[in-house]
Structures are given as structure tokens and as C-alpha cells.
Amino acid sequence: MSKLLLVLHILAVVIGLGPVMVASSMFPSVLRRALAGGDAADARGALGVLGRICRVYAAVSIAVPVFGFGLASMHGGLGKPWLVASIVLTVVAAGVLVFLLPAQQSALDALAGGGGAEAPVPGAVAAEGALAGAPATASAAAPGRLAMLAGIFNLLWVVVAVLMVLRP
């Protein structure tokens, strides 16, 4: 049973988290292309697909901690420091995703509304250093903010993977 849970846990990581990590990393560059105006219709279509991949596979990736907790409880390792650190980092990554997905949707909504440089993106931070939560232009803030959130999300999962393999 332990080996089956381990296989399911690893498959959940590859099938659930992999697409979210890749799609969230691709989203900002495609958004920049859409905002630049070159081939904007194709870029909008690609953004819709990338956003949908992030949302759907984020839900699928809930299986990762479920199988992980099953494995940890089966092996009696819930109190090990590397596992506690992994759990905390997983919660932080989920928190980052809670900010990332709505920011992607806001960027999509701004583009769909025909907005270019003047389209506000709720919750974005303006390039001029406006207060957090103040509206900013999609072209000035959204791609950079989305890239930052995707990078943090991906880095957190890399650290979790290292902890899982090395078990310090």
C-alpha cells in the first residue's frame, strides 16, 4: 500500500503541479505579447488556454498533499522537521496560487474588455510605486507581477522537491 501511495503522490505532482508551473510561467510573456499589440487575437486565445490550465490543474494538484499526508501518516513521519518544512512551504505555495489565479483572470478580463495600456488591473501594483491594491495599468504591472508570483510558486515547489529527495 505504501508503494502505491508513493506512486500516486509522484503522479499527482507530475500531472497536477507540472502543468500549473509551466502554464503560470508562460502566461506573463504571452500577456506582454498581447499588450504589445502584435498578433493580439492569438495571444488572447493562448492566455485563455494557459489560464484554464492553471485553474483546472490547480484543482487536480490538491491530490499532492492528500497522498503526501497518507504517506507520512503511514510511515509515522509527520513530526520530522523536513516534512513539517515541506508542509509549510506547500501551504505558502497554495497561498501564492490564491493570488496568482485571480491576477491572471484580471489580466484576461482587462484584455477582453478591449483594454490596452489604460485598462485597470485590480490589485496590481503600478510601475511608479503606487500603493498595493491601487488600480494600475495592465501593461505596466500585470506581466511583471504575474511573473513574480509564478516564479515564487515554482521556487517553493522546487524547495519542497529538494526536501523530499534529500530528507535532511
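Numbering of residues begins at 1 and proceeds along the displayed sequence.
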**Qualifying residue, where the test is side-chain contact (heavy atoms from CB on, under 4.5 Å) with Ile152 and the options are Leu156, Leu155, Asn154** =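 Looking at Leu156, Leu155, Asn154, the match for Ile152 under the side-chain contact (heavy atoms from CB on, under 4.5 Å) is Leu156.
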**Message:** As a test of understanding, state which of Ile53, Val22, Leu108 forms a side-chain contact (heavy atoms from CB on, under 4.5 Å) with Phe27.
**Reply:**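 Option passing the side-chain contact (heavy atoms from CB on, under 4.5 Å) with Phe27: Leu108.
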Considering non-hydrogen atoms only, spot the tightest contact between [X] and [Y] and give its length.
X: Ala107; Y: Leu31; value: CB-CD2, 3.8 Å
X: Pro143; Y: Pro28; value: O-CB, 3.4 Å
X: Gly51; Y: Gln104; value: CA-OE1, 4.0 Å
X: Val160; Y: Ser86; value: CG2-O, 3.9 Å
X: Phe99; Y: Gly95; value: CD1-O, 3.2 Å
X: Leu5; Y: Gly70; value: CD1-C, 3.8 Å

Distance (rounded to the nearest 0.5 Å) between [X] [atom1] and [Y] [atom2]:
X: Leu47; Y: Arg33; atom1: CG; atom2: CZ; value: 8.0 Å
X: Met21; Y: Leu97; atom1: CE; atom2: CG; value: 11.5 Å
X: Trp157; Y: Ser61; atom1: CH2; atom2: OG; value: 7.0 Å
X: Cys54; Y: Leu146; atom1: SG; atom2: CG; value: 9.5 Å
X: Phe153; Y: Leu100; atom1: CZ; atom2: CG; value: 7.5 Å
X: Ile15; Y: Ile10; atom1: CD1; atom2: CD1; value: 11.5 Å

Going only through I, L, V, M, F, W and Y residues with side-chain contacts under 4.5 Å, is there a path from [X] to [Y]?
X: Val159; Y: Val165; value: no
X: Val20; Y: Leu8; value: no
X: Leu78; Y: Val64; value: yes
X: Leu17; Y: Val49; value: yes

**Request:** Mark yes or no for whether His9, through its side chain, and Phe67, through its backbone, hold a donor-acceptor pair below 3.5 Å.
**Result:**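 Flag not set: sc His9 to bb Phe67 has no pair under 3.5 Å.
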**Message:** Working note: Gln105 + Arg55, criterion side-chain contact (heavy atoms from CB on, under 4.5 Å); need CA distance, chi angles, decisive distance, verdict.
**Reply:** CA-CA 10 Å; Gln105 189 61 49; Arg55 288 188 309 274; 3.4 Å; yes
Do [X] and [Y] have side chains that approach each other closer than 4.5 Å (heavy atoms only, starting at C-beta)?
X: Trp82; Y: Leu166; value: no
X: Arg32; Y: Leu35; value: no
X: Leu83; Y: Leu163; value: no

**Message:** Counting only heavy atoms not in Met148 (residues, nucleotides, ligands), do more than 12 fall under 6.0 Å from its CE?
**Reply:**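 Yes - once you tally the heavy atoms of other residues, nucleotides and ligands closer than 6.0 Å, there are more than 12.
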**Asked** Yes or no on side-chain contact (heavy atoms from CB on, under 4.5 Å) for Phe69 and Ile87, after CA distance, side-chain angles and deciding distance?
**Response** CA-CA 9 Å; Phe69 275 116; Ile87 292 168; 3.6 Å; yes
